[in-house]
Structures are given as structure tokens and as C-alpha cells.
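Working notes, beginning with the structure itself.
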Protein chains: 2
Amino acid sequence: MVVLAAIPDNYTKKSTMNELKETLKIHHLRSTTCREDVLSTFIKRKIALSHGDLEGALGEQYDRVTIYRTLKTFLEKGIIHKVLDDEGLRYALCSHRCSEEQHQHDHIHFKCSECGQTNCLENLHIPAVSLPVGYQPESFNLLIQGVCPKCN
Amino acid sequence: MVVLAAIPDNYTKKSTMNELKETLKIHHLRSTTCREDVLSTFIKRKIALSHGDLEGALGEQYDRVTIYRTLKTFLEKGIIHKVLDDEGLRYALCSHRCSEEQHQHDHIHFKCSECGQTNCLENLHIPAVSLPVGYQPESFNLLIQGVCPKCN
DNA sequence: TCATATTCTGCAACAGAGTTGCAGAATAAA
DNA sequence: TTTATTCTGCAACTCTGTTGCAGAATATGA
């Protein structure tokens, strides 16, 4: 079955189209050009995107509201997740297989203070934190700010 | 010298007033009733507050804009810091001695999914994360979501 | 205590982010 | 191809946050 992270970099347009449709289908969403374009923008750019970024990329083709609703739907279905830094809210693809029911909750994000881009650091674990008595943790979100390899 | 975290719970109104004025003075800010009230709200509530929270508490006494500007000033002076979760932006007192020049950048925040309150967990360290080659970290921000001792 | 330079506040007006209702358009499934 | 369901665009709105400016309040030195 299709997992987003498995989509190769050098995909052909046709196979991508099928992958996109497939991904939407898995999450019980209708295939529409807007959803395919939003999804494909996330896949191509590989970084966390704000609503503004998407509006910049697709704003002439789709209404602001539609993009908002697409993001909201993708969030609910577990296709993307929120990424927060001190500049505001962005979204990034869920690399692990998430769904409406089950969502991978631990994330490490790295925000570069030079280029401003935010990436998910996959395959990294957040080390255990020993919390004071009484605190029952459910999810962890680590935001690291610094300089990324490209800008280093 | 006065450190905010050192202000006792059972302070008298008068001594608090002096503490507040003192704190503002340390950071080279004029004492105004708005600033004192905002500061004292943070001290009393002990949790991270949004602009909306403060407007709810002080909105009849002060203009929206003034509260925004007070928060901005406090941020710049290192009196408070930003706290982000998936619901948005809040602010919390800096417990360590921060200033305009030097700011303690590593924070652990705990957000309770029951009562919705967010606390800073002082005295806790974020464990070392081994980043991929090329990433140069500068600051760490860990948001833990779960159930707090009060709601447990 | 008073005068003055500096800083703060409130108001008005604005920009941007995000939401809602509704009618018409597009999709999936029979 | 038909039909039920879902999606989209439009209009209008709320909420958050910002800016400019004039008048008010504060700190400082005399």
C-alpha cells in the first residue's frame, strides 16, 4: 500500500498522479485537483508549509477558503500535522502512516534561523524526560532552532 | 536583587507592588498600572497566558493595543517568553534571570489536555538529542501534552 | 515641588489569519 | 446516466495582531 514517504524523488507525472489519488482514497477522500495539488506541493517542497505558502503557490487556482478547508481535512485524516514555531503555524506531511484513528504524536522539527525553513527530522527519537510526579505525558513535540546543513 | 520566581505566594499587596515596580525598573521600564497589572496577573495565575486571557482579565481597564504592546515590550526585555501549542500563542514568565541581552532559551512546557492549562516545567533539562551531521542547534523547545497532576 | 524630555496609552484604522453559511459544481457509486 | 454525497467559490464575518498619531503619564534634574 502507498505510504507518502515511499514516493520517489524522480517520479513521473503519471505515476505521481496515481499515488496522489491513491493516498486520498486510502483516507476516504474524494480526488479533486485542489487536494492533489496541495498534496503534491507538500511532497515536492519537502518542508513545512504555511497556509500563506500554499496560497502563494496555488492561490490563483483555488480559493483561500478551499485551501484552508483542504488543510483542515488533511489534518483530520492524519495526512499532515501541525508544526509550530515562534513565527506561527505550518503544516507538514506525516511520514509515518497516520490515520484518523491513529496518529503518530512525537515529532522533532528543526527550524533554520538563516533560511527560515522548517523540516521534520524523521527517524529521530525524543529522549526520555523524567517528569515530576503526577504528570502523565501523552505526546512530545520538540522544536529545535539553529542552522541547517544547507546554510552551515 | 529581585527575581520573579522568588516572589512568595503569600505576599502582601504592598510588598508585591514594590516587587513589581522593582522588576520593571530592573528592565529599564517605566512603572505604569498596566504593566504592573499584567505582570501581577502572570505571577498570580502561574500559568501561560494568551493575549485573550489578559484581555479577559484586564480588558475593561486597558486597551487591547496597550496589552499587546505591553506583551511585546516584556518579550523584548526578557521578562516573559513565548509558549506555543497547537491552539496558538501564549506567554509565560521567564523564571531564570533573563534580560534583553541574555535569554534562557531552553524550555519544557506541559500542556494538560483536560484543563487546557500550560505550565513551564522549571528545573528540568531537555536531554541531548543527537542530530544528523550538519545541523547546528541553538535553542530547544519541548512541548509535552498529557494530563497534569491536578487532573490526574 | 515643578518643568521638561521621554515614554506610554487610547483611539482609529488597517492587514492578515481563520471560520461559517449557502448555492452551485464536481465526484463516486449504482 | 442518474443520483446522493461531497467539494468549491463567494460573501461576509470574527479574531489576532500592527501602525500612526495626539494627548497623557512618568522619571529626572533643578
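Numbers restart at 1 for each chain; the letters A, B, ... are given by sequence-line order, proteins then strands.
Here B:Tyr91 pairs with nothing under the ring-ring contact (aromatic ring centres under 6.0 Å, His included) rule; sequence neighbours left out. Residues forming a side chain to side chain donor-acceptor pair (under 3.5 Å) with A:Tyr62 (at least two apart in sequence, or on another chain): A:Thr33, A:Asp37. A:Leu84 meets the side chain to side chain contact (heavy atoms under 4.5 Å, CB included) test with A:Leu89, B:Leu84, B:Asp86; sequence neighbours excluded. Shown here are the salt bridge (Lys or Arg N to Asp or Glu O under 4.0 Å) partners of B:Arg35, two or more places apart in sequence or in another chain: there are none. When the side chain to side chain donor-acceptor pair (under 3.5 Å) test is applied to B:Ser31, no partner is found at least two apart in sequence or on another chain. Listed by chain and number, the residues in a salt bridge (Lys or Arg N to Asp or Glu O under 4.0 Å) with A:Glu87 are A:Lys111 (sequence neighbours excluded). A search for ring-ring contact (aromatic ring centres under 6.0 Å, His included) contacts involving B:Phe74 returns nothing, not counting sequence neighbours.
What separates CD1 of B:Ile67 from P of D:dT16 is a distance of 12 Å, to the nearest Å. One atom, CG of B:Leu89, and another, P of D:dC15, lie 18 Å apart when rounded to the nearest Å. A:Gln61 places its CD atom 20 Å from the P atom of C:dA25, with the value rounded to the nearest Å. Summarising the geometry, the separation between CD on B:Glu76 and P on C:dC8 is reported as 10 Å, rounded to the nearest angstrom. In this entry the distance linking OH of A:Tyr68 with P of D:dG9 reads 15 Å, nearest Å. With rounding to whole Å, B:Leu75 atom CG is found 10 Å from D:dT18 atom P. The distance from atom CG of B:Leu71 to atom C1' of D:dT16 is 12 Å, rounded to the nearest whole Å. A straight line from CZ of B:Phe74 to P of C:dT7 spans 17 Å, rounded to a whole angstrom.
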Please tabulate the protein-to-nucleotide N/O contacts below 3.5 Å involving nucleotides 1-3 of chain C, giving atom names and distances.
none

Distances under 3.5 Å between protein N/O atoms and the N/O atoms of nucleotides 28-30 of chain C, please, pair by pair.
from   : atom 1 : to      : atom 2 : distance (Å)
C:dA28 : OP1    : A:Ser31 : N      : 3.2

Could you run down the sub-3.5 Å N/O contacts of the protein with nucleotides 11-14 of chain C?
from   : atom 1 : to      : atom 2 : distance (Å)
C:dC11 : N4     : B:Arg69 : NH2    : 3.4

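Comparing the local axis fitted to the first five base pairs of the helix from C:dT1-D:dA30 to C:dA30-D:dT1 with the one fitted to its last five gives a bend of 40°, rounded to 10°.
Using a 4.5 Å heavy-atom threshold, the side chains of B:Ile108 and B:Ile126 count as touching. Side-chain contact between A:His107 and A:Ser139 is absent, with no heavy-atom pair separated by less than 4.5 Å.
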Mind running salt bridge (charged side-chain N to carboxylate O under 4.0 Å, His left out) on B:Arg90 and B:Asp85 for me, showing each step along the way?
CA-CA 8 Å; B:Arg90 295 181 217 208; B:Asp85 60 40; 3.4 Å; yes
side-chain contact (heavy atoms from CB on, under 4.5 Å) evaluation trace for B:Val129 with A:Leu121:
CA-CA 11 Å; B:Val129 182; A:Leu121 297 179; over 6 Å; no
Determine whether B:His109 and B:Leu142 satisfy the following criterion, side-chain contact (heavy atoms from CB on, under 4.5 Å), listing intermediate values before the conclusion.
CA-CA 6 Å; B:His109 296 119; B:Leu142 179 60; over 6 Å; no
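At least one side-chain nitrogen or oxygen of B:Lys72 sits closer than 4.0 Å to the OP1 or OP2 atom of D:dT19.
Of all the heavy atoms in B:Glu36 and B:Lys21, the pair that sits closest is OE2-NZ, 2.9 Å.
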Show every donor-acceptor pair shorter than 3.5 Å between a side-chain atom in residues 144-152 of chain B and any protein atom, with sequence neighbours excluded, or say none if there are none.
from     : atom 1 : to       : atom 2 : distance (Å)
B:Lys150 : NZ     : B:Gln117 : OE1    : 3.4
B:Asn152 : ND2    : A:Gly134 : O      : 2.8

